[in-house]
Amino acid sequence: MTSSEHPGNAAAPTRLLLIDGHAMAFRAFFALPADGFTDGRGQSTNAVYGFARMLFNVVASEQPTHVAVAFDMAGGTFRDRIYDQYKAGREETPQQFIGQIALIQKTLDALGVSWLEVPDYEADDIIASLATRMRSRGQEALIVSSDRDALQLVGPGVTLLQPVKGVTELRRMDPAAVQEKYQVDPEHYPDLAALVGESADNLSGVPGVGPKTAAKWLGKYGSLEGLLEHAEEITGKAGQSLRDHVEDVRRNRVMNAAVTDLELPDDDIVFTLGRGDRAAVNEVFDDLAFGPTIRRDLPAVFLPEGAADEEPGAADVEMPELVRPRGAEIATALSGPFSGGAALAIDGSWELGLGEATRLALATATDLAVLDLTDLDGDAEQALANWLSDRSIPKTAHDTKYAVHELSPRGLQVDGWRTDLGLAEFLCRPDQRPTDLAGLVMRHLQEELETTASGSQQTLDLDGGGSAAADEALARAAHAVHRLEPLLRADLEEHEAQALHDDLELPLAQVLGQMEAVGIQAEDSVLAELDAEHERQQTQVAESAFSHIGGDRINLGSPKQLQEVLYERLEMPKGRRTKTGYSTNAETLTDLFEKTQHPFLADLLAHRDVTKMRQIIETLRRFIAEDSRIHTTFHQNIAATGRLSSNNPNLQNIPMRTEEGRRIRGAFVVSEGYEQLLTADYSQIEMRIMAHLSGDEGLIEAFRSGEDLHNFVASRVFDVEPDQVDGAMRSKTKAVSYGLAYGLSAFGLSRQLRISQAEATALRDGYFERFGGVRDFLRESVEQARKVGYTQTILGRRRYLPDLTSDNRQRRENAERVALNSPIQGSAADIIKLAMLRVDADLRAAGVASRVLLQVHDELVLEVAPGELEQVRDLVVTGMGDAYEISVPLSVGVGVGRTWLEAAH
DNA sequence: TTGTGTACCCA
DNA sequence: GCTGGGTACACAAG
């Protein structure tokens, strides 16, 4: 079979895109500001614009051959006659929305897209009828609708694209996805909806019954009918509630059943794409005052064949024929077409767990194959293992760490990675949110969208059903990766980031993958014990708090209720303002306590602390896996400075500052077969980088002298002997030192130190007087960044800051602070990344069993095997200390212990 | 349900 | 209102 589908080609399989016009227009209206989009004559056009964007995106990425848009008609439907309260209670149509439906229809006319409305019926019924027709013919339908009633239509060949955010981000709902999300098959979704109710339609369900209960019942009795027949058997409150509301449920089920037999025009003639008229489109867009971007993004398929050629860059790229080799064919394919390298895409998703991917797609310029990982015979498996581990065969993926996670548990090791598209994109545009494959395609293959990956979320969230459609989507993803690779390589070159990609980030991704897979052992019993302690405290302190405000049991976690108590009932002086009222944060509460001595405040603060601790403990416990370990995920493409981030759970923010919080670290323990946890951290790495980059002699001397940094700096700033420096002097200069790297302001400093702004200014000026090199460096580096448009780290990692030349003072000053901080924070990130590569390589070379578990920005946590402590300690200290040479020594501290707490130093 | 704001944990 | 992150909760939207 072939997967190169040419829209407009009569021989191509038919794929009908069905759009709920009203629902999507309404969503677009709320997604975009009505005041920001007008035609210049007072008519808002935001819904039209958003709708057009959505349409273009979907057509580009889903490649339908036919399109139809369904609208609701004014004047009500048959449903209103069944239930007079149907859709009652909806707010009036916003003034600025009025008229935009007509404009959308005008736009559709120019695009040659058919739109339909049927008196007495809803758009949903039109869509249901057309989708049913397609399904009965064995053809495909794609539905774009925010109405959940459309879920019942999902089935073989019928997929629902639900808007997740705005109108451009769509979630792909196929039968498996519906089942997973709602725990019922699509066919029975209306049963579930009838039980739960639908507030948007003013259909109330069974009180006390949510989707979970409803799904449980339906699972047990098969269907709503089955359930109602056995309604008497259901025990408990929910059962009684069901019996009390049977009539509502029956009514809901009648109302939410889609009509599937409307008489509608035949698609082949009426819904074909390619009947648009560019001149007409331009005229309509002129009228709407749309800019050039959206015109450029108009997919060529809307226009008659040939018309596209007049547009620049409208290349027509054919996808190679898709094959699904099995058994011996796999060995042949891998030693043949793919022996020179390939792009790779893999199914699966984060929720599924690692190693549960079932298919692997490979693409070259001329070949495309999907392999079933669950159906490999011995020879095929060996051939695949050899191919993947052959480092002379270059491989590309959108997310190599993820691919490794899926393949490695199946015993498939990968070597020979050449490009990681996600990392490459990040190095070129670090301030962009991480781009999924579809996003990359949109950015890089604008005019060649025939080859997009469809519906991929961040981790290629393709359905794992093994259907032909899933294979095709996966194949398209691999093909897109292949097409994108040279574009991203060119991008890397343009941003001078090849070395960062090839020698730093890409190798690091493999190290991080291992760290994630290993995880760190966490002792649930320790956490449970801590939690129980905190629970007692929490209750006690809450009771005490309530007693001080007259016994009113307010929600202590609600800022709104706290404001009412503190500022209205108790009439305490109002402090800092927030967007929504007056602040109740710890700083404000502490101030208030000093002023009023009100015991409620002390209890409240204590309650906050203990509640926070319980939250952290509870989150960690939730993430302990079957192997008693916590496997965080490290991200390389989130923090714009180049730092890593960690989530699910975040192990980079485990409490440290207070004794009580630190106890949580006692739950992270060394695992069996290992002897100790070892922590190694850089001391004051950011200030050392500051010394290096600024070349300030005083600061360099401070580090070379080996004296305590803040003591040394304070003695200079306050002009006293080092042994005369008191605690206040030290903490003040320490705050300035740290503030420097953050883009110090007198205001920020004054708040941090709780001193006047005048005093803060004097302090900063005094500091700069003694460390003029630092002042000059900071000033010059901002100017340099303004000139070239970006900042740079010691390894040449760039961060583009267009706001440095903004007319908006707020934006500009913010960009200036970022410009001060990024080279410093980013260089520190570069250095520890180098250290991680080196430590990992050295551990391997030494043939030891010890391993790196975590990175916390300036710290590494390792697990040390018996008898390896001395060797590993030396190796780590050297690896970190010599990771990169700067003009002052990089000092590394080490601690060892059975737990993370004991390993602190 | 979903996004937003607030608060607070880390380096 | 001094940098970079992540998570949880309350609350208000749709």
Side-chain angles (χ1 to χ4, degrees), chain A residues 23 26-27 29-31 89-91 94 146 148 162-166 181 196 198-200 210-211 430-431 555-563 576-589 605 608-609 611-616 618-620 622-623 632-635 638-658 661 664-665 681-682 684-686 735-736 738-753 757 760 764 799 810 813-814 816-826 828-829 832 855-859:
Chain A
F26 214 61
R27 254 192 109 86
F29 178 79
F30 284 110
R90 285 201 177 181
E91 279 177 30
S146 53
R148 277 191 288 268
Q162 280 183 323
V164 189
K165 205 175 97 185
K181 191 161 160 66
V196 176
E198 177 59 85
S199 55
D431 276 287
N555 181 348
L556 296 173
S558 163
K560 203 177 143 195
Q561 294 179 37
L562 283 178
Q563 282 172 47
R576 202 166 66 85
R577 285 221 52 147
T578 66
K579 255 181 213 175
T580 50
Y582 292 94
S583 175
T584 61
N585 67 12
E587 188 191 337
T588 309
L589 296 181
L605 283 164
R608 284 249 177 98
D609 282 347
T611 305
K612 182 75 188 172
M613 286 306 126
R614 290 199 70 195
Q615 258 175 27
I616 292 172
E618 148 69 13
T619 305
L620 289 175
R622 254 198 355 255
F623 277 101
T632 185
T633 304
F634 289 106
H635 296 272
I638 300 285
T641 52
R643 270 197 185 175
L644 300 180
S645 79
S646 151
N647 72 1
N648 293 317
N650 183 354
L651 292 186
Q652 291 180 322
N653 70 346
I654 305 302
M656 182 64 181
R657 288 173 193 176
T658 67
I664 294 178
R665 294 186 174 223
D681 66 351
Y682 285 116
Q684 292 136 354
I685 188 169
E686 296 196 346
V736 179
Y738 276 102
L740 289 173
Y742 295 156
L744 186 87
S745 75
F747 180 90
L749 189 60
S750 71
R751 200 158 66 93
Q752 167 87 24
L753 289 172
Q757 275 201 54
R764 184 191 59 186
R799 183 166 183 190
Q810 162 112 15
E813 288 181 347
N814 191 54
E816 285 169 357
R817 287 192 295 276
V818 171
L820 289 174
N821 172 259
S822 295
I824 296 168
Q825 191 183 116
I832 195 162
Q855 188 252 42
V856 191
H857 308 306
D858 64 358
E859 168 188 8

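Letters A, B, ... are given to chains in the order of the sequence lines, protein chains preceding strands, and every chain is numbered from 1.
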Discussion item. Using the P atom as the point on both nucleotides, what is the distance between C:dG1 and B:dG5, in whole Å?
Written reply: 13 Å
Fill in: Close aromatic pair by centroid cut-off 6.0 Å: A:F30 and A:F26
yes
Worksheet entry | Face-to-face stacking of A:Y742 with C:dT3, centres under 5.5 angstrom, angle under 30° | yes
Discussion item. Need one value for A:I654: base, sugar-phosphate or nothing, where a base atom within 4.0 Å counts as base even if backbone is also close, heavy atoms only.
Written reply: sugar-phosphate
Fill in: Side-chain touch A:L740/A:R764, heavy atoms, less than 4.5 angstrom
no
Fill in: Value in whole Å for how far the P atom of B:dT6 lies from CG of A:L589
15 Å
Worksheet item: If you look at every strand shown and take non-hydrogen atoms under 4.0 Å, does A:A828 touch a base, only sugar-phosphate, or nothing?
Response: nothing
Discussion item. Students often get this wrong, so: under 4.0 angstrom with heavy atoms, is A:A741 touching a base, only sugar-phosphate, or nothing?
Written reply: nothing
Discussion item. For A:D431 and A:T619, find the nucleotide of DNA chain C closest to each by heavy atoms; which residue's nucleotide sits nearer the 5' end?
Written reply: A:D431
Worksheet item: Side-chain N or O of A:S645 less than 4.0 angstrom from OP1 or OP2 on C:dG5?
Response: no
Discussion item. Between the base of C:dC2 and the side chain of A:Q752, is one N or O donor paired with an acceptor at under 3.5 angstrom?
Written reply: yes
Discussion item. Judged by each residue's nearest nucleotide on DNA chain C, which is more toward the 5′ side, A:L753 or A:S558?
Written reply: A:L753
Discussion item. I'd like to know if A:R751 pairs up with A:E587 as an ion pair, taking the criterion as any Lys NZ or Arg NE/NH1/NH2 lying under 4.0 Å from an Asp or Glu carboxylate oxygen.
Written reply: yes
Discussion item. Counting the atoms with a prime plus P, OP1 and OP2 as sugar-phosphate, which does A:N814 contact under 4.0 Å by heavy atoms, base, sugar-phosphate, or nothing?
Written reply: sugar-phosphate
Practice prompt. May I ask you to say what A:G557 touches in the nucleic acid, namely base, sugar-phosphate or nothing, with a heavy-atom cut-off under 4.0 Å?
Written response: sugar-phosphate
Worksheet entry | Spacing of A:N650 atom CG relative to B:dA11 atom C1', expressed in whole Å | 11 Å
Worksheet item: Taking atom types as they are modelled, is there a donor-acceptor pair under 3.5 Å from the base of B:dA11 to the side chain of A:R643?
Response: yes
Worksheet item: Looking across every strand, which nucleic acid part, if any, lies under 4.0 Å from A:R577 by heavy atom: base, sugar-phosphate, or nothing?
Response: nothing
Discussion item. Base, sugar-phosphate or nothing for A:A640? Non-hydrogen atoms, less than 4.0 Å.
Written reply: sugar-phosphate
Discussion item. Does the structure place the NZ or CZ of A:R577 under 6.0 Å from the centre of the six-membered ring of A:Y582, at an angle of no more than 45° from the ring's axis?
Written reply: yes
Worksheet item: For A:R622, which contact category applies under a 4.0 Å heavy-atom criterion: base, sugar-phosphate, or nothing?
Response: sugar-phosphate
